Protein chains: 4
Amino acid sequence: MLHIGNYSFESRLLLGTGKYEDAQTQREAVIASKTNVLTFALSRIDLDNIGPDPIEHLPREEFTLLPNTAGAKTADEAVRLARLARSSGICDMIKVEVIGDPPTLLPNPVETLKATEILLNEGFTVLPYLSDDPMLAKEAEALGAHAIMPGASPIGSGLGIVNPYNLQLIIEQSKVPVIVDAGIGAPHDACEAMQYGADGILLNSAVAKATDPVKMANAMRLAILAGREGYEAGRIPKSNVATASSPQENWANS
Amino acid sequence: MLHIGNYSFESRLLLGTGKYEDAQTQREAVIASKTNVLTFALSRIDLDNIGPDPIEHLPREEFTLLPNTAGAKTADEAVRLARLARSSGICDMIKVEVIGDPPTLLPNPVETLKATEILLNEGFTVLPYLSDDPMLAKEAEALGAHAIMPGASPIGSGLGIVNPYNLQLIIEQSKVPVIVDAGIGAPHDACEAMQYGADGILLNSAVAKATDPVKMANAMRLAILAGREGYEAGRIPKSNVATASSPQENWANS
Amino acid sequence: MLHIGNYSFESRLLLGTGKYEDAQTQREAVIASKTNVLTFALSRIDLDNIGPDPIEHLPREEFTLLPNTAGAKTADEAVRLARLARSSGICDMIKVEVIGDPPTLLPNPVETLKATEILLNEGFTVLPYLSDDPMLAKEAEALGAHAIMPGASPIGSGLGIVNPYNLQLIIEQSKVPVIVDAGIGAPHDACEAMQYGADGILLNSAVAKATDPVKMANAMRLAILAGREGYEAGRIPKSNVATASSPQENWANS
Amino acid sequence: MLHIGNYSFESRLLLGTGKYEDAQTQREAVIASKTNVLTFALSRIDLDNIGPDPIEHLPREEFTLLPNTAGAKTADEAVRLARLARSSGICDMIKVEVIGDPPTLLPNPVETLKATEILLNEGFTVLPYLSDDPMLAKEAEALGAHAIMPGASPIGSGLGIVNPYNLQLIIEQSKVPVIVDAGIGAPHDACEAMQYGADGILLNSAVAKATDPVKMANAMRLAILAGREGYEAGRIPKSNVATASSPQENWANS
């Protein structure tokens, strides 16, 4: 079970709802993923409408919604989007996303932390999207963030975990859940993050833009389960000295 | 389905039977893995006995046996072990393993290819264990090997895929199944190899020496499924230029 | 020539003065490195004395001093150290170092940026030590920092460039000099950073704690020259498709 | 000094003579590199001519020539080329290169070892070009090869050292010189190989195809010196636990 603030989820996969070719594929991928949490971008357009369009074809009541503030360039914009979302009754859980750099979509740490602090004070369940800098994660945790969302690599890049060292530091030091967000390209990336002890994975492009999104959603589901089981099972250490896997002396011979 | 020579297997995980703490753990791990193929080392001692000890506590009739020639230091020794195995009725499928270097347990390519050729001529179903050199894989395939078993890294090292470049070259060029053998340390390693298009994974230490071998066996099972599904689903390309995952223009808004 | 604020340096290697076994080794390593800039930690003890002890055995007039604020845990402490250094006539150039985490010595980004802003307003030439987060580098540059000092990996770890992707992003985007600081373990790490287009390298442990610090100082000097030359010379692209290095058709034959 | 068989060389850089835009650039790059050994492909065309064209614009007497058998697809072809070279008075030192795969130009290990054995019996000084498989290196050394030339990555790929693990194994185990050949893309790659303890580097594309080949030749020269010095100086170990580079207790304070 993944626990974030007062929420508990069976699945450790949080799935984005954008970028699918069509609503049917989106719906089937969401189902195949067995996710409990759907993410989508709040935006003026979305909020002018009655509901968040990206999920209008989905059985909304079966999921917890985790809207994000993508599009915000400052803490103020992010805060305003979050307040609108709550007043529209969408959710009181929010992923704070303040982009600092248009080409790479890397998060602006200063504005992200500022928005995180404000929204925490207003009672939101806040999940800030940050880089893989362990000190930023620490800062967010100290503010009271309910989970940390470090990026594995830039959004949509599919590069996987470019800095396993930092990701492991973040996981080791964090007392709140760590949800790896952004950059996952293939199931083994998700599996690796879970093996390090991540609490969950947020995905979008890797599923939505796969050749077969529905099959990929299932693959990601399995990979996350595998990584979690692997973490719990305790992997063998890495060793530069090889050891015989078929030892001369074998318990079965005695 | 994994097809090797005349054999077909539901599971793409081939599991070693050595190195477990006790027979009970071995048995449960084998069951959890849902493997169809058990591997073990042939040795004079084993063959002097009525049956291959390493698997005496397992319901042997439910599995295909893939004995290996570990311990052999020359082609002749490997060939002799294989012939003994066949005459004992154990199996006509053989993993040719000729170690060239005691500390690293890396395979001796010249002797391995020599034994492969001899055993193919004698009608065996032959799976040579080789390094990740794409030319050695080609050589073995040209001889008629029924599958290629490149090592991801040294046996028991848990280092995972030290050269993803070579492994991908081998998989791309090979017309016979590629079973990644040796070096897998954690589920994400197995998942990654499968994502590249490997046909199967042979494991031993990573399961047998895990803190909880039975749980790890299940994790590996899931990881291999995930990697296979991911391969079939077609992953997104890696890209240095990030792209917005929450695009302004969204199909769902239209 | 490396230009930082109003300073210009022949050498692109900035050398730390701490951690040497003895003063003689320190002096010889400094000379072998051909550095123009010496760095050292300001601390109460140092400033209570007449001069900064770490460099008392060095011909101080031949070098530009770049003191750092190591030991500071807040912006205020860093600012105070910098002011004391200036009033003591040591230097008006300062490396802002605010450690956020004792075990890893990773920099606290929020306090570092705060101190950077204050010291810039007071007319210092400021070089903040940051992580490899490209957005933090951007933030520091926007404040007016005279150079950016991203860490390659944790101080003293010798892990080299753990995230070449981020380092390259920082260098591409930055209009002020980028001095790679912390984590360099061997000459090839320094050479790699320079190849990416870094403007300089700050080193300490990799030289001071080498088996032969004087020889290592020279090796680092050569590696930095090599990397700079390589950057200017324009390296060949990386390619997955191999091309013949001994082509059949050769200009020399015509 | 690099010693190969009865030869000794001041420089540890062996430079290829192919692929330059023009003879003038080639000549200047060769001079800038300060190499003592020039390599080039023997081919029927070359040998039909009076001298080896690729080096006709170079002061041949100042260099030792190391022709290679590129173009050969079998041991027999390689042996024939080598004999022709010797009978033409070019050199009795030969780099055995038997390509097994046209697209990747990876070496055919079986034919390479066969040719190596024959040429060693005929008194040649033989340097076989092999993959980075440590067992192949061992095999060649056992045959009596005067040096081992493992590829860092495919010829002309510029991918650098794709498997540092294997390269280090080869260097550790080898009693004859190890010359890293193929795949070097930038100075830091050459520096890294030397840091591991390689005895020399053979380069061609990385210099000849650089934007400024002459400057790159100098960069490579410096990088190889840096890596060698770094190897001799004894680098600091890599450590996951960071240590303070500006310790409170400092020898200089006492």
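Chain naming here is simple, since letters A, B, ... match the order of the sequence lines and numbering starts at 1 in each. Here the structure is a predicted model, which is why all the values come from computation and not from measurement.
Residue A:G158 comes nearest to B:K238 through the heavy atom pair O-CG, 3.5 Å, listed as atom of the first residue, atom of the second, then distance.
For a residue to count as touching a neighbouring chain, one of its non-hydrogen atoms must lie under 4.5 Å from one of that chain's; by this rule A:L203 does not touch chain B. Proximity to chain A is absent for every atom of B:P213, based on heavy atoms less than 4.5 angstrom apart.
In this structure, A:D212 CG and B:E232 CD are separated by 9.0 Å, a value rounded to the nearest 0.5 Å.
No donor-acceptor distance shorter than 3.5 angstrom exists from the side chain of B:R235 to the backbone of A:M216, with no hydrogens or angles considered.
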Report all side-chain donor-acceptor pairs from residues 185-194 of chain A shorter than 3.5 Å, counting only partners two or more places apart or in another chain.
from, atom 1, to, atom 2, distance (Å)
A:D189, OD2, A:G185, N, 2.9
A:D189, OD2, A:A186, N, 3.0
A:E192, OE2, A:Y196, OH, 2.5

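Most heavy-atom pairs under 4.5 Å with chain A: of the set B:A210, B:A217, B:A219, this distinction falls to B:A219. Residue with the most contacts toward chain A among B:I99, B:V207, B:N218: B:N218 (heavy-atom pairs, distance under 4.5 Å). By number of non-hydrogen pairs under 4.5 angstrom with chain B, the leading residue of A:I236, A:L222, A:L159 is A:I236.
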